Amino acid sequence: MSVKPILIEPNKLLRKISKPVKSVGDEERRLMDDMLDTMYAAPGIGLAAIQIGVPKRIIVMDISREENKKEPRYFVNPIIKNKNNETSKYEEGCLSVPDQFAEIERPNECEVEYLDYNGKKQLLKADGLLATCIQHEMDHLEGILFIDYLSKLKKSMIIKKLSKIKSNRIIV
Ligand code: ZN
């Protein structure tokens, strides 16, 4: 298991649509292990494979936010089956959009079908933070970032800011 570099917006790869996984094997599990390590190290509560440059429909998540009680979740080929009409707002951030936050409105409940770490089909009814997190991460699979929901002006200001940081950032 290892920590991978996280792609930062603006980056063309982050806009790519990720491809479905044919089956969950050792390669996919190794990827999920690396993604989880990367997410915990960041630290963050969710990560999509494309954020470390792999265009596969895989998401990892842990919303427990407790150091000694980890509750990792793995979603392969997630599909939203149902969404609630009611919405909730969370102040969202993203590991690929560092230090930027904005209030985003999303359905407050969703039902998601996916394959788990062992490739077994699962159906999960999520609400609250979990529902928001799933939808945020699933947007990554479509090349969508949370800043895409903001006004053009606000979005371009954020991208400008990120580009400035990026030009003198070194990762060693
Ligand atoms: Zn994100």
Side-chain angles (χ1 to χ4, degrees), residues 1-21 28 31-65 70-80 83 87-110 112 114-115 117 124 126-152 154-166 169 171:
M1 297 204 271
S2 55
V3 173
K4 305 284 185 193
I6 295 173
L7 302 182
I8 305 294
E9 169 79 352
N11 185 308
K12 274 188 188 149
L13 265 177
L14 288 171
R15 299 310 190 166
K16 217 176 145 87
I17 294 175
S18 295
K19 293 217 168 71
V21 171
E28 285 72 26
L31 172 63
M32 287 190 264
D33 292 343
D34 286 347
M35 285 168 65
L36 203 70
D37 278 357
T38 305
M39 184 193 82
Y40 283 137
I45 59 171
L47 189 82
I50 194 65
Q51 291 180 275
I52 57 166
V54 182
K56 287 186 176 179
R57 301 185 82 81
I58 299 180
I59 290 164
V60 297
M61 221 174 280
D62 187 343
I63 60 161
S64 67
R65 295 202 257 198
K70 287 188 170 143
E71 280 173 34
R73 294 171 186 268
Y74 309 88
F75 301 86
V76 179
N77 298 343
I79 294 169
I80 299 228
K83 271 185 196 178
T87 58
S88 60
K89 281 184 188 168
Y90 278 93
E91 186 91 7
E92 292 187 26
C94 178
L95 294 175
S96 294
V97 190
D99 303 324
Q100 306 298 319
F101 300 90
E103 203 165 64
I104 306 292
E105 192 170 2
R106 299 184 190 269
N108 66 358
E109 272 181 30
C110 64
V112 58
Y114 60 98
L115 302 176
Y117 190 80
L124 174 75
D127 60 10
L129 177 62
L130 182 60
T132 289
C133 200
I134 287 171
Q135 292 171 73
H136 174 118
E137 297 309 329
M138 282 185 67
D139 274 353
H140 279 297
L141 307 183
E142 308 302 331
I144 297 168
L145 299 174
F146 80 93
I147 53 171
D148 298 348
Y149 296 109
L150 305 176
S151 69
K152 260 190 188 156
K154 203 159 180 209
K155 182 180 163 182
S156 66
M157 271 167 59
I158 289 176
I159 293 178
K160 219 185 215 171
K161 240 189 253 172
L162 291 172
S163 306
K164 258 187 213 158
I165 301 168
K166 233 180 144 183
R169 172 180 290 166
I171 299 167

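Only this structure's heavy atoms are used, side chains among them; waters, hydrogens and symmetry mates stay out. We count residues from 1, following the sequence as given. This one's a predicted model, so the numbers in the text were calculated from it and none came from an experiment. Whatever order the structure lists them in is the order used to number ligands and atoms, beginning at 1.
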Can you find a heavy atom in the side chain of Ile80 that is under 4.5 Å from one in the side chain of Pro107?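 Contact flag for Ile80/Pro107 side chains = no.
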
Could you tell me whether a side-chain N or O of Glu105 sits under 3.5 Å from a main-chain N or O of Thr87, the two making a donor and an acceptor?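 No: the side chain of Glu105 does not pair with the backbone of Thr87.
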
Do Ser96 side-chain atoms and Glu9 backbone N/O form a donor-acceptor pair below 3.5 Å?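 No.
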
Listed protein N/O/S atoms, distance to the Zn ion (ligand 1) under 2.8 Å: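 Correct list: Cys94 SG, His136 NE2, His140 NE2.
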
Side-chain atoms of residues 70-77: list all donor-acceptor pairs with protein atoms under 3.5 Å, sequence neighbours left out, distances to 0.1 Å.
residue : atom : partner : partner atom : Å
Asn77   : OD1  : Val21   : N            : 2.8
Asn77   : ND2  : Val21   : O            : 2.9

Which atom pair, heavy atoms only, marks the closest approach of Lys155 to Asp148?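 Looks like NZ-OD1, 3.1 Å.
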
Is it true that Glu137 and Arg57 have a side-chain N and a carboxylate O under 4.0 angstrom from each other?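 Arg57 and Glu137: not salt-bridged.
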
